[in-house]
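Chain identifiers are assigned alphabetically (A, B, ...) following the order of the sequence lines, protein sequences preceding nucleic acid strands; residue numbering begins at 1 within each chain. As the structure is a computational prediction, the values presented were derived from the model and not from experiment.
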Amino acid sequence: MEAKEVIARRVALELRDRTLVNLGIGLPTLVACYVPAGISVAFQSENGIIGFGEPPPDGLEDPYLTDAGGGYISALPGAAAFDSATSFALIRGGHLDMTVLGGLQVDSSGRLANWMVPGKIVPGMGGAMDLVAGAKRVIVAMQHTAKGHPKIVEALTLPPTAARRVSLIVTELAVIEPTDEGLVLRERAPGVSVDTIVASTGAKLLLDGGRQCRSFRLRAWPPEAHASAPCRHRCHRCRAILLERACHVERLA
Amino acid sequence: MEAKEVIARRVALELRDRTLVNLGIGLPTLVACYVPAGISVAFQSENGIIGFGEPPPDGLEDPYLTDAGGGYISALPGAAAFDSATSFALIRGGHLDMTVLGGLQVDSSGRLANWMVPGKIVPGMGGAMDLVAGAKRVIVAMQHTAKGHPKIVEALTLPPTAARRVSLIVTELAVIEPTDEGLVLRERAPGVSVDTIVASTGAKLLLDGGRQCRSFRLRAWPPEAHASAPCRHRCHRCRAILLERACHVERLA
Amino acid sequence: MQDGISAERAAAMIPDGASVMFGGFLGVGSPDRVIDALVARGARGLTLICNDTASPGVGVGKLIEAGCVAHVKASHIGTNPTTQKKMISGEIEVELVPQGTLAERIRAGGSGLGGVLTRTGVGTVVSEGKQVWEIDGESFLLEMPLRADFALLRAHEADHFGNLTYRLTAANFNPVMAFAADCVIAEPEEIVPVGVIPPDAVRTPGVLVHHLVRRPQ
Amino acid sequence: MQDGISAERAAAMIPDGASVMFGGFLGVGSPDRVIDALVARGARGLTLICNDTASPGVGVGKLIEAGCVAHVKASHIGTNPTTQKKMISGEIEVELVPQGTLAERIRAGGSGLGGVLTRTGVGTVVSEGKQVWEIDGESFLLEMPLRADFALLRAHEADHFGNLTYRLTAANFNPVMAFAADCVIAEPEEIVPVGVIPPDAVRTPGVLVHHLVRRPQ
């Protein structure tokens, strides 16, 4: 299984019924493909819609209906459209239950850096600073290392996105929770040893349950199981589109 | 001619084409009856509409369409409805060309008091403080005296509505403009002498053009002349309703 | 979406002493059925946050008369002599807030802002006890965000997700209050299936609404 | 209402060096015909206030490429490598503003507020050189209101009074920018007679709109 898919599947288990969730562009978008059965989640796109669905069939794209990454989407029944001021009133006013964002670095105090690399790329923070400052839960979904270097570090070397401590870090190797005491290793990916995780991490990890840290479950997901309901990114085609978009975003950065 | 009508007619001459105007409840509402021909004014009611018209025919009232005084109104073609935050963004953001408000007192610096009489009535400021602080022009439409006492005074004895100097005071006797130098008598009502005005005023008046101050014109208004256009309060029936409302408001206060 | 609740159930959820925002402007666009139910259950000690106290027998005016109210934050009480009487007798404490400032304070409370910087009220009794900030040579009053335990909204249509529409001047404070309370209860005139209200017609997204009051049987 | 103007006329009204707000999010909901006309007339030295700079050949990205732009205030430029290149070479000065803060600063500029007090940006480079206020034990950044000489909006429908509607995610910054410029020019897809847009469907009241761009002949 690809690292991205492991991460997206594990993050999806954090989704709760009847909540409002914002998925950052790129990897986090994939989380929408793995919403657990029986869970109803409203996804917000900060460019102004709640309740968007799968990419539309070829030739039926609406030029006025896109997600925050500029990709065509469709609207689910019951969707609501609104302007940017309203969208960020939702984000900053504590109405967003959870956001899932990519990360460049997280430090031992749980601070996230994900919007620029000085002297290299300055894409801008977009809505990231608002999302981290405003969402009830902030989940960082990122690969554990970049070109062999740990992305979880003792102290940020990149500019932080917010002063606030994120709620959870999910990588293809582990689930880590920043706490008052420090970064706590909560779960390891199936087949990954605690030693591997520690060796790939640039900050001290507190071991929750010692070396016997529990491995997280990745339930088999029947891709077409929900064919009767609106797709919600669950069909092969939509997942392929979203995966391609996620990779495209990464190539841009 | 009744004092109220004189005031409303003279204020109406201050209306300019293609402007947004808010009329306070009571006497100021009557101004809508005398919009000069050829002038197109959009009236805002701060409870959330631009483009309202005459009271609806009996039995056709809409319980969800009222003015800021709670009276039934109708919507003109092209009307726009909005919430209170938007309504006051219009008022406070400099989008309102003119407001006409009643007054209890205006002092020699042009400050208005119109929202409470300590120990007697404390109705609340409603939107008055926002209107005076935010409108481009503030016109006070009030009777020159109350029970024989001047309402234009050297210094306010009632709590001010705003720090800001109002643009113009229109009474049944005179038109007075507060300036850096003080209160300037600009016009007198037809048949009213400057001496009468000075005697009825509790603050120093600067005489613009000396004792020969020009009298203002009150063009004869053909009440049914605009029957082909939407009524806009010009028919006898609507004017009667509005006059009664204005008097009702006064009885409340 | 949960099942619709009765007005009585809504009133029972609101404990004595709660702070409650009520949509409505002189009774237009106010949640009348929940108000009646609050009167019927004999609510006490409520803090009302609303534009005005309407008039006796109308809108929140019924709560004033029935003795349900301890505090009022409003822009205007002049149309309700009962409020004035109870304010003078000390039964009800009234905080008068300029209407635009009231709307912005509620919006700030619902949008995560730390306060409102406004010209309105500078140089008046409204500024007493408050900070005045000089910004670029101009004076602005710092007004604090306003939130409540409950917001009671009157809507025109609601769908089963809680998406709301409003009608003409009955919108007034309802849309902004939808953001600013821990529990938001909407009383719509019509309830329609999901999909009947188009996305661009939604004025309050359903994610903000916790309970819908069902139509009378 | 005045007659509709051409996109060329609109572009001619906007002098070199003007500050201009552009609606749009990655090109969706941006006033494309006026943008093309600005490029055609060779506008220079513009200050752009917009969410992002889209991508080369799309939306305001065309202005970047054509050398019309001296300053950009936006939340994101990562999708347009040309903006990055010109920023690094010093041809364009870029101020990055968090997206929610950008929306609120524009709203403050259009609503007469003295500033925005927000948690966003506290403890980041965004707070450099700005005041941080402690309010009730929490830190808020003071961000200043934002206004422009012009706002260029893309609307779905406009009526002859200038009342506007928007479609789905093409609304984005357009409604809030309508309040915050000295001259507001709207480029609608459809122009309809007065009365066709019902009062509750109006998202931007026509009183805010100074000029409508007519449809192509």
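For chain B, the nearby part of C/F25 is the side chain; its heavy atoms alone come within less than 4.5 Å. Heavy-atom distances place both the backbone and the side chain of C/T101 under 4.5 Å from chain B. For B/F88, the part lying under 4.5 angstrom from a heavy atom of chain C is the side chain only. Residue contact with chain C, scored on non-hydrogen atoms closer than 4.5 Å, involves the backbone and the side chain of B/L65 alike. If you measure heavy-atom distances from B/A75 to chain C, you find no contacts under 4.5 Å at all. Contacts of B/T66 with chain C are made by both backbone and side-chain atoms, with heavy-atom separations under 4.5 Å. In this structure, chain C has a heavy atom under 4.5 Å from the backbone of B/P63, while its side chain stays farther away.
Across B/T161, B/T86, B/L131, B/D62, the residue that shares the most heavy-atom pairs under 4.5 angstrom with chain C is B/D62. If you tally non-hydrogen atom pairs under 4.5 Å between each of C/H156, C/R167, C/E104, C/R119 and chain B, the highest count goes to C/R167. Contact count against chain B (heavy-atom pairs under 4.5 Å) is highest for C/P98 among C/P98, C/A54, C/A170. Most heavy-atom pairs under 4.5 Å with chain C: of the set B/G48, B/A81, B/G126, B/G124, this distinction falls to B/G126. Counting heavy-atom pairs under 4.5 Å between each of C/L96, C/N80, C/N174 and chain B puts C/L96 at the top. With chain B as partner, the option from C/D52, C/V97, C/T83 having the largest number of non-hydrogen pairs under 4.5 angstrom is C/V97. Ranked by heavy-atom pairs under 4.5 Å with chain C, the first of B/A89, B/P159, B/G134, B/A133 is B/A133. Looking only at heavy-atom pairs under 4.5 Å with chain C, the residue among B/S84, B/S45, B/P160 that has the most is B/S84.
The pair C/K85-C/E91 does not count as a salt bridge, with every side-chain nitrogen at least 4.0 angstrom from each carboxylate oxygen. Between B/K151 and B/E172 there is no salt bridge, since none of the side-chain N atoms of the basic residue sits less than 4.0 Å from a carboxylate O of the acidic one. Salt bridge present: C/D182 and C/R147 bring a charged side-chain N and a carboxylate O closer than 4.0 Å. Taking a cutoff of 4.0 Å between a charged side-chain nitrogen and a carboxylate oxygen, B/D180 and B/R165 qualify as a salt bridge. Looking at B/D97 and B/R16, no side-chain N of the basic residue comes within less than 4.0 Å of a carboxylate O on the acidic one, giving no salt bridge. Ionic pairing of C/E189 and C/R154 is present here: one or more N-O contacts between side-chain nitrogen and carboxylate oxygen are shorter than 4.0 angstrom.
Taking non-hydrogen atoms and a 4.5 Å limit, the residue list of residues 124-143 of chain C in contact with chain B, ordered by number, reads C/T124, C/V125, C/V126.
Note that CG of C/L26 is 8.0 Å distant from NE2 of C/H76, once rounded to the nearest 0.5 Å. If you take CZ on B/F43 and CD1 on B/I73, they are separated by 12.0 Å, rounding to the nearest 0.5 Å. Between the OG atom of C/S30 and the CG atom of C/N51 there is a distance of 11.5 Å, given to the nearest 0.5 Å. Atom CD of B/E46 sits about 10.0 Å away from atom CG of B/L23, to the nearest 0.5 Å.
In the model, B/Q44 has a side-chain atom that pairs as donor or acceptor with a side-chain atom of B/N22 under 3.5 Å. Between B/H144 and B/T171, the side chains place a donor N or O and an acceptor N or O closer than 3.5 Å (distance only, hydrogens not considered).
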Go through the steps to decide whether C/R33 and C/S6 satisfy the test side-chain hydrogen bond (donor to acceptor under 3.5 Å, both in side chains), and finish with yes or no.
CA-CA 9 Å; C/R33 288 188 290 129; C/S6 66; over 6 Å; no
